[in-house]
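This one's a predicted model, so the numbers in the text were calculated from it and none came from an experiment.
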Amino acid sequence: VQLQACGGGLVQPGGSLRLSCAASGIIFSIKAMAWYRQAPGKERELVAGITSVGRTNYADSVKGRFAISRDNAKKAVYLQMNSLKPEDTAVYYCNTLFDLASWGQGTLVTVSS
């Protein structure tokens with residue numbers, strides 16, 4: 001299984017970023033997928049999840065600001081992040097929502113002025 005996240009970077013508070021994740025080695029279309037993040041000195045946490053049929057759920061801290069989506073044909077999952085805050089600074093990873101696969105290389109998001 002390979003999960004490659006990209007799209008991170010430095011953004012000012014209030015800005016937006018769109019993260020992408022390409023998956024291989026799994027039957028992507030039947031898997032619930034998710035984005036996770038790990039801030040410095042903190043444990044990894046679930047940010048957003050999406051089922052195989054597109055049902056979504058979000059951590060309270062990102063509701064109304066982040067949107068997760070998927071493209072089964074491309075075996076890709078996305079995270080649109082709007083109204084970013086400094087506390088969103090973290091390394092973001094994608095993985096399955098259940099029965100976690102090996103963690104791929106995440107993408108660093110830094111929200112700072």
Side-chain angles (χ1 to χ4, degrees):
V1 177
Q2 287 191 326
L3 299 162
Q4 184 64 47
C6 63
L10 173 63
V11 62
Q12 292 186 342
S16 298
L17 280 175
R18 186 177 188 242
L19 306 183
S20 300
C21 175
S24 61
I26 58 174
I27 306 174
F28 183 83
S29 61
I30 66 171
K31 291 289 189 180
M33 298 297 296
W35 284 95
Y36 303 80
R37 67 185 180 188
Q38 186 167 20
K42 296 187 176 182
E43 292 188 353
R44 192 171 292 166
E45 63 174 351
L46 175 66
V47 174
I50 185 167
T51 69
S52 58
V53 295
R55 185 170 297 175
T56 59
N57 67 287
Y58 298 91
D60 288 343
S61 59
V62 306
K63 277 181 182 176
R65 300 189 297 121
F66 290 12
I68 187 171
S69 60
R70 65 189 294 158
D71 186 331
N72 287 341
K74 295 182 178 180
K75 296 184 180 180
V77 60
Y78 308 99
L79 187 67
Q80 177 66 43
M81 305 186 296
N82 300 323
S83 302
L84 282 160
K85 304 176 181 180
E87 51 264 44
D88 295 318
T89 294
V91 178
Y92 285 71
Y93 303 85
C94 68
N95 207 320
T96 52
L97 185 57
F98 308 109
D99 299 324
L100 291 173
S102 299
W103 292 100
Q105 190 172 8
T107 186
L108 176 62
V109 173
T110 303
V111 185
S112 175
S113 55

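Remark: the N57 side chain and the R55 side chain contain no N/O donor-acceptor pair separated by less than 3.5 Å.
Closest heavy-atom contact between P13 and S113: CD-N, 3.7 Å. A pairwise comparison of heavy atoms in S52 and S29 identifies CB-O, 3.2 Å as the closest pair. Nearest heavy-atom pair across A48 and L79 is CB-CD1, 4.2 Å.
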Salt bridge (Lys or Arg N to Asp or Glu O under 4.0 Å) evaluation trace for D88 with K85: CA-CA 5 Å; D88 295 318; K85 304 176 181 180; over 6 Å; no
Mind running disulfide bond (SG atoms under 2.5 Å apart) on C6 and C21 for me, showing each step along the way? CA-CA 6 Å; C6 63; C21 175; over 6 Å; no
Show, in sequence, the C-alpha distance, side-chain angles and deciding distance for R37 and V62, and conclude whether the side-chain contact (heavy atoms from CB on, under 4.5 Å) test is met. CA-CA 12 Å; R37 67 185 180 188; V62 306; 3.9 Å; yes
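Using a 4.5 Å heavy-atom threshold, the side chains of S16 and V11 count as separate. By the 4.5 Å heavy-atom criterion applied to side chains, L17 and F66 are not counted as neighbours. The closest side-chain heavy-atom distance from T96 to V1 is not below 4.5 Å. Two residues are said to be in side-chain contact when any heavy atoms from C-beta on lie closer than 4.5 Å; L97 and L46 meet this criterion. Side-chain contact between M33 and F28: present, with at least one pair of heavy atoms (C-beta onward) separated by less than 4.5 Å.
Between the CZ atom of R70 and the SG atom of C94 there is a distance of 11.0 Å, given to the nearest 0.5 Å. Atom CD1 of residue I50 and atom CH2 of residue W35 lie 12.0 Å apart, to the nearest 0.5 angstrom. Distance check, rounded to the nearest 0.5 Å: CD of Q4 to OG of S20 gives 11.0 Å. To the nearest 0.5 Å, atoms CE (M81) and CD1 (I68) are separated by 12.0 Å. Of the inter-residue distances, the one linking Q105 atom CD with L3 atom CG reads 12.0 Å to the nearest 0.5 angstrom. The line from CD1 of I26 to CG of D99 is 11.5 Å long, rounded to the nearest 0.5 Å.
L100 and F98 fall within the same hydrophobic cluster, where Ile, Leu, Val, Met, Phe, Trp and Tyr residues are linked whenever their side-chain heavy atoms come under 4.5 Å apart, directly or through other members.
Aromatic ring pairs are classed by plane angle as parallel below 30°, tilted from 30° to 60° and perpendicular above 60°; the pair Y93 and W103 is perpendicular.
With sequence neighbours excluded, no residue forms a side-chain hydrogen bond (donor to acceptor under 3.5 Å, both in side chains) with K42.
Listed for the T89 side chain is a donor-acceptor partner under 3.5 Å among the backbone atoms of V111.
Counting non-hydrogen atoms of other residues, nucleotides and ligands closer than 6.0 Å to CD of E45 gives a total above 12.
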